[in-house]
Peer 1: 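Before anything else, here's the structure in question.
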Amino acid sequence: MQRQKIAAVLKNSAVGSELDVRGWVRTKRESKQGFAFVELNDGSCFASLQVVIDQSVPNYAELMQQLTTGASLRAIGELKASPAKGQTVELHAKSVQVYGTADAEKYPLQKKQHSFEFLREIAHLRSRTNTFGAIARVRNAVSSSIHNFFQSRGFLYLHAPIITTSDCEGAGQMFQVTTLDLAKLAHSKTDVDFTQDFFGKRASLTVSGQLEAETVACSVGDCYTFGPTFRAENSNTARHLAEFWMVEPEMPFYELTDNMQLAESFIRTTIREVLEHCPEDMAFFNQRIDTTILETLRNIVEHDFIRLPYTEAVDILQKCGQKFDYPVSWGIDLQSEHERYLTEQHFKQPVILFDYPRTLKPFYMRCNDDGKTVRAMDVLVPRVGEIIGGSQREERLDVLLSRMAECHLNPEEYWWYVDLRRYGTVPHAGFGLGLERLLLLLTGMANIRDVIPFPRTPKHAEF
RNA sequence: UCCCCGAUAGCUCAAUGGUAGAGCGAGCGGCUGUUAACCGCUAGGUUCUAGGUUCGAAUCCUAGUCGGGGAGCCA
């Protein structure tokens, strides 16, 4: 008999049909009268299927011993309308086969709520819980929606390299990649000779695919990367990971306003699609994780983002009368408290800040005519903060070279990047979106370590 | 990396210098078309680790490890 996923059973199967379902026991409610209710979950959807087992099922007594929380089974039976509240249909088992038991004395997941901190220690089992199953499905749905968004607009999916020898891509500390014998080198008195290393020079894990994406955008056109990204920063916060997933579109002939339009449309579209595709999971988040999440997301989907030049943001913050730990003045990098004030109190919706002071931003961002600012943009959202960072890129060769000099970068190291400005340069723009931060926004979860299956953070690479 | 807080039963927590407890979970029994089931009984502890103070330390001190909140770096 063909196995059916519970999602399909609950959606399509008619009462009276004969079914084969398989999954894991969430709970069992047993009556000594000779029947039991088993909640069976296979992860295909939020809901479990109630399986009714009575004494007509072979090996009933043995099954009652074996079917504890966490056990896996196959049940064959008839789908019937349920006479009780809580579910419309239920499976009346004719036979039950146990695949594997789960010792109730030792199985860590109990029939009760657990703290996220505890579940993080058993990340290999936590996706069997309501919350982490829902996160896995929403993460999948938003990933799918991201591809749909770009594919439907004719963007090319670009596989940017994971390993890079660009010494400094403008962001953060990098993880070094080497095949040199570090234990041996530790005893050596001489300097490391990287010509002996695998790539013949110092190599690292990528912190961004942007520079490569620019070259592809300036040839085959609109493109996007979507892959893992690595930062060796010693960041210990609920918003940072050492390994995270980033989406980086890059578009030729886009100026900053086009870039902002795309970023806004991107966020609103993916949120709308997740709300459409995962209604049960989202209802769960709204009920148990953050009771304002659906309202917040609908508000984002239905309203235009605020667009605010940095200079005006500084003005608002200085005049708002709010006391900040860090005083605001033109030229400072805005602190978390400032960003939160803008998105959570002043505007109460996402804000795109743009035209930042040149001194705060990397060399590749396009200089404005005022000589003070660059065409940078950050998309800030309530609760999560910065979710997108992007810019129009500097396409003028002379300006780019002088900016590199200003940032103490050697143009020879970036010869291929500079070449783009030498041969058929065009205005272009792009941005980077942190997938896990989008998931924080979507789910209402508070810690970024809980929206990626196996988080990597300083001192943590278990599983 | 910096500041603050914490670590006690499988989980969530109480006990503030004098015999280590509760709820949930688990086991057993009862009850019930149950569904965060319900009722009763039972078992379960090197109080994070290493030192120190004290007649006596879960409790006070020092160091470390890990966790949480905030900050920085940023996606």
Side-chain angles (χ1 to χ4, degrees), chain A residues 26-40 47-54 65 68-70 80-87 90 92 102-122 130 169-173 206-210 225-248 263 288 325-326 333-337 339-340 360-362 378-381 384-390 431-441 446-449 451-452 457-460 462:
Chain A
R26 281 293 173 79
T27 68
K28 178 189 62 177
R29 293 177 290 273
E30 186 186 347
S31 164
K32 289 292 186 291
Q33 301 279 328
F35 58 94
F37 303 96
V38 166
E39 264 187 47
L40 191 72
S48 298
L49 178 66
Q50 176 160 284
V51 179
V52 184
I53 303 173
D54 64 26
Q65 291 295 312
T68 58
T69 302
K80 293 188 177 177
S82 178
K85 283 181 187 170
Q87 61 281 317
E90 60 191 22
H92 285 239
D103 186 346
E105 296 270 4
K106 292 177 184 159
Y107 187 60
L109 291 174
Q110 303 171 348
K111 229 159 70 172
K112 57 170 289 196
Q113 285 196 3
H114 291 287
S115 67
F116 293 139
E117 292 81 16
F118 171 69
L119 291 171
R120 225 172 278 149
E121 294 170 5
I122 50 168
N130 282 334
E169 289 173 351
Q173 292 284 100
T206 183
V207 293
S208 164
Q210 180 199 317
T225 71
F226 184 5
T229 307
F230 307 87
R231 302 279 164 89
E233 300 286 350
N234 190 12
S235 297
N236 293 287
T237 79
R239 289 175 291 286
H240 290 86
L241 291 164
E243 176 184 291
F244 62 100
W245 285 65
M246 188 152 68
V247 182
E248 294 181 286
R288 290 293 177 90
D325 291 337
Y326 294 86
D333 218 349
L334 296 184
Q335 305 289 314
S336 293
E337 56 174 347
E339 297 178 351
R340 294 187 70 139
L360 299 178
K361 294 294 182 179
D378 283 356
V379 179
L380 311 177
V381 296
V384 178
E386 182 181 347
I387 198 167
I388 278 179
F431 61 82
L433 169 123
L435 179 70
E436 287 76 18
R437 289 194 180 169
L438 179 58
L439 280 160
L440 291 179
L441 178 67
N447 196 314
I448 202 163
R449 294 164 198 186
V451 294
I452 188 168
T457 55
K459 301 278 193 302
H460 294 279
E462 189 72 76

Peer 1: Can you tell me how far P of B/U34 sits from CZ of A/R26, to the nearest Å?
Peer 2: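 From A/R26 CZ to B/U34 P: 22 Å.
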Peer 1: Using heavy-atom distances to pick each residue's nearest nucleotide on RNA chain B, tell me which of A/R288 and A/P108 is more 5'.
Peer 2: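 It is A/P108 whose nearest nucleotide is closer to the 5' end.
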Peer 1: Give a yes/no verdict on base stacking between B/A75 and A/F244: centres under 5.5 Å, planes within less than 30° of parallel.
Peer 2: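 Stacked: ring centres under 5.5 Å, planes under 30°.
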Peer 1: Side chains of A/E462 and A/H460 only: does a donor on one sit below 3.5 Å from an acceptor on the other?
Peer 2: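 On atom types as modelled, these side chains do not qualify, holding no pair under 3.5 Å.
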Peer 1: So do A/R437 and A/I448 actually touch side chain to side chain, heavy atoms under 4.5 Å?
Peer 2: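 A/I448 vs A/R437: side chains touch.
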Peer 1: Which value, in whole Å, describes the distance between the P atoms of nucleotides B/A43 and B/U1?
Peer 2: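 Result for the P pair: 46 Å, nearest Å.
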Peer 1: Any idea which of B/G72, B/G68, B/G33 is nearest the A/R449 side chain?
Peer 2: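 Selected nucleotide: B/G68.
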Peer 1: Should B/U54 form a Watson-Crick or G-U wobble pair with both distances under 3.5 Å, which nucleotide is its partner?
Peer 2: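 Answer to the pairing question: none, since B/U54 forms no Watson-Crick or G-U pair.
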Peer 1: Kindly indicate whether the side chain of A/N236, heavy atoms from C-beta on, has any atom under 4.5 Å from the side chain of A/K459.
Peer 2: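 No, side chains not in contact.
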Peer 1: Can you tell me how far C1' in B/U46 sits from the matching atom in B/C41, rounded to whole Å?
Peer 2: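 The same atom, C1', in both gives a distance of 29 Å.
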Peer 1: Looking only at N and O atoms, is any donor in the side chain of A/E30 or the base of B/U34 less than 3.5 Å from an acceptor on the other one?
Peer 2: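 No such pair is found, so the answer is no.
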Peer 1: From C-beta outward on A/N447, which listed nucleotide comes closest to its side chain: B/U34, B/G69, B/G67?
Peer 2: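 Looking only at heavy atoms from C-beta outward on A/N447, the closest nucleotide is B/G69.
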Peer 1: Can a side chain N or O of A/S336 be found less than 4.0 Å away from OP1 or OP2 on B/G72?
Peer 2: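 Yes.
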Peer 1: Given side chains that start at C-beta, do those of A/V52 and A/F37 come closer than 4.5 Å, heavy atoms only?
Peer 2: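 A side-chain contact exists here, since the closest heavy-atom pair is under 4.5 Å.
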Peer 1: What nucleic acid atoms does A/L241 come within less than 4.0 Å of, heavy atoms only: base, sugar-phosphate, or nothing?
Peer 2: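 Base contact.
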Peer 1: Reading RNA chain B from 5' onward, which residue's closest nucleotide shows up sooner: A/E121 or A/G86?
Peer 2: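 First, find each residue's nearest nucleotide; the 5'-ward one identifies A/G86.
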Peer 1: Provide the Watson-Crick or G-U wobble partner of B/U1, both distances under 3.5 Å; none if there is no partner.
Peer 2: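 With both distances under 3.5 Å, B/U1 matches B/A71.
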Peer 1: Under a 3.5 Å limit for both distances, which nucleotide forms a Watson-Crick or G-U wobble pair with B/G6, could you say?
Peer 2: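 B/C66 - that is the nucleotide pairing with B/G6, both distances being under 3.5 Å.
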Peer 1: Counting Watson-Crick and G-U wobble pairs only, both distances under 3.5 Å, name the nucleotide matched with B/U12, or none.
Peer 2: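 Paired with B/A22.
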Peer 1: For a quick test of reading the model: is some side-chain N or O of A/R340 closer than 4.0 Å to OP1 or OP2 of B/A71?
Peer 2: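 A/R340 to B/A71 OP1/OP2: no side-chain N or O under 4.0 Å.
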Peer 1: Looking at B/U1, B/C74, B/G33, which one has an atom nearest to any side-chain atom of A/E90?
Peer 2: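 The answer is B/G33.
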Peer 1: Atom pairs under 3.5 Å, N or O on each side, protein against nucleotides 23-28 of chain B: can you list them with distances?
Peer 2:
residue: B/A26; atom: O2'; partner: A/E105; partner atom: OE1; Å: 3.4
residue: B/A26; atom: O2'; partner: A/E105; partner atom: OE2; Å: 3.0

Peer 1: Which whole number of Å gives the distance between the P atom of B/A26 and that of B/C11?
Peer 2: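 About 14 Å, rounded to a whole number of Å.
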Peer 1: Taking atom P in both B/U8 and B/C3, what distance in whole Å separates the two?
Peer 2: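 The same atom, P, in both gives a distance of 24 Å.
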Peer 1: Below 30° counts as parallel, above 60° as perpendicular, anything between as tilted: where do the rings of A/F118 and A/H114 land?
Peer 2: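 It falls in the tilted class, 30° to 60°.
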Peer 1: When only distance counts, do a donor and an acceptor, one from the side chain of A/Q87 and one from the base of B/U34, lie under 3.5 Å apart?
Peer 2: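 By the distance-only test, yes, there is a pair.
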Peer 1: Which nucleotide in the set B/G67, B/A75, B/G72 lies at the smallest distance from any side-chain heavy atom of A/R231?
Peer 2: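 Within the option list, the nearest is B/A75.
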Peer 1: Can you tell me how far C1' in B/U19 sits from the matching atom in B/A71, rounded to whole Å?
Peer 2: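 These two C1' atoms come out 46 Å apart once rounded.
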Peer 1: Rounded to whole angstrom, note down the C1' distance from B/A57 over to B/U49.
Peer 2: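 Per the computed distance, 16 Å lies between those C1' atoms.
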Peer 1: OG1 of A/T68 to CD of A/E105: how many Å apart, nearest 0.5 Å?
Peer 2: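 Taking OG1 in A/T68 and CD in A/E105, the distance rounds to 10.5 Å.
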Peer 1: If we take the C1' atom in both B/G69 and B/U32, what is their distance in whole Å?
Peer 2: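 My reading of the C1' atoms in B/G69 and B/U32 gives 45 Å.
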Peer 1: B/A71 phosphate, OP1 or OP2: any side-chain N/O from A/R239 under 4.0 angstrom?
Peer 2: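 Answer is yes, contact under 4.0 Å.
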Peer 1: A/S115 side chain N/O closer than 4.0 Å to the phosphate oxygens (OP1, OP2) of B/U12?
Peer 2: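 True: A/S115 side-chain N/O within range (under 4.0 Å) of B/U12 OP1/OP2.
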Peer 1: With a non-hydrogen cut-off below 4.0 angstrom, is A/Y326 in contact with a base, only sugar-phosphate, or nothing?
Peer 2: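 Counting heavy atoms under 4.0 Å across all strands, the contact made by A/Y326 is with sugar-phosphate only.
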Peer 1: Rounded to the nearest angstrom, tell me the gap between atom NZ in A/K361 and atom C1' in B/C74.
Peer 2: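 One finds 9 Å between C1' of B/C74 and NZ of A/K361, rounded.
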Peer 1: Distance check, rounded to the nearest 0.5 Å: A/I387 atom CD1 versus A/L441 atom CG?
Peer 2: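 One gets 5.0 Å once the value is rounded to the nearest 0.5 Å.
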Peer 1: As a test of reading the structure: which of B/G68, B/G72, B/C11 is closest to the side chain of A/F118, going by heavy atoms?
Peer 2: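 Of the candidates, B/C11 comes closest.
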Peer 1: Just call it for A/N236: base, sugar-phosphate, or nothing, with non-hydrogen atoms closer than 4.0 Å on any strand.
Peer 2: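 Since a base atom lies under 4.0 Å of A/N236, the category is base.
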Peer 1: Hey, does A/Q50 reach any base, or is it just sugar-phosphate, or nothing, if we go heavy atoms under 4.0 Å?
Peer 2: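 Answer is base: heavy atoms of A/Q50 come under 4.0 Å of a base.
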Peer 1: What string of B, S and - do you get for nucleotides 38-47 of chain B 5' to 3' if you count protein non-hydrogen atoms under 4.0 Å?
Peer 2: ----------
Peer 1: Distance from A/M246 atom CE to A/L435 atom CG, nearest 0.5 Å?
Peer 2: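 It comes to 11.0 Å.
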Peer 1: When rounded to the nearest Å, what value does the distance between C1' atoms of B/G51 and B/U65 take?
Peer 2: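 Those two atoms are separated by 15 Å.
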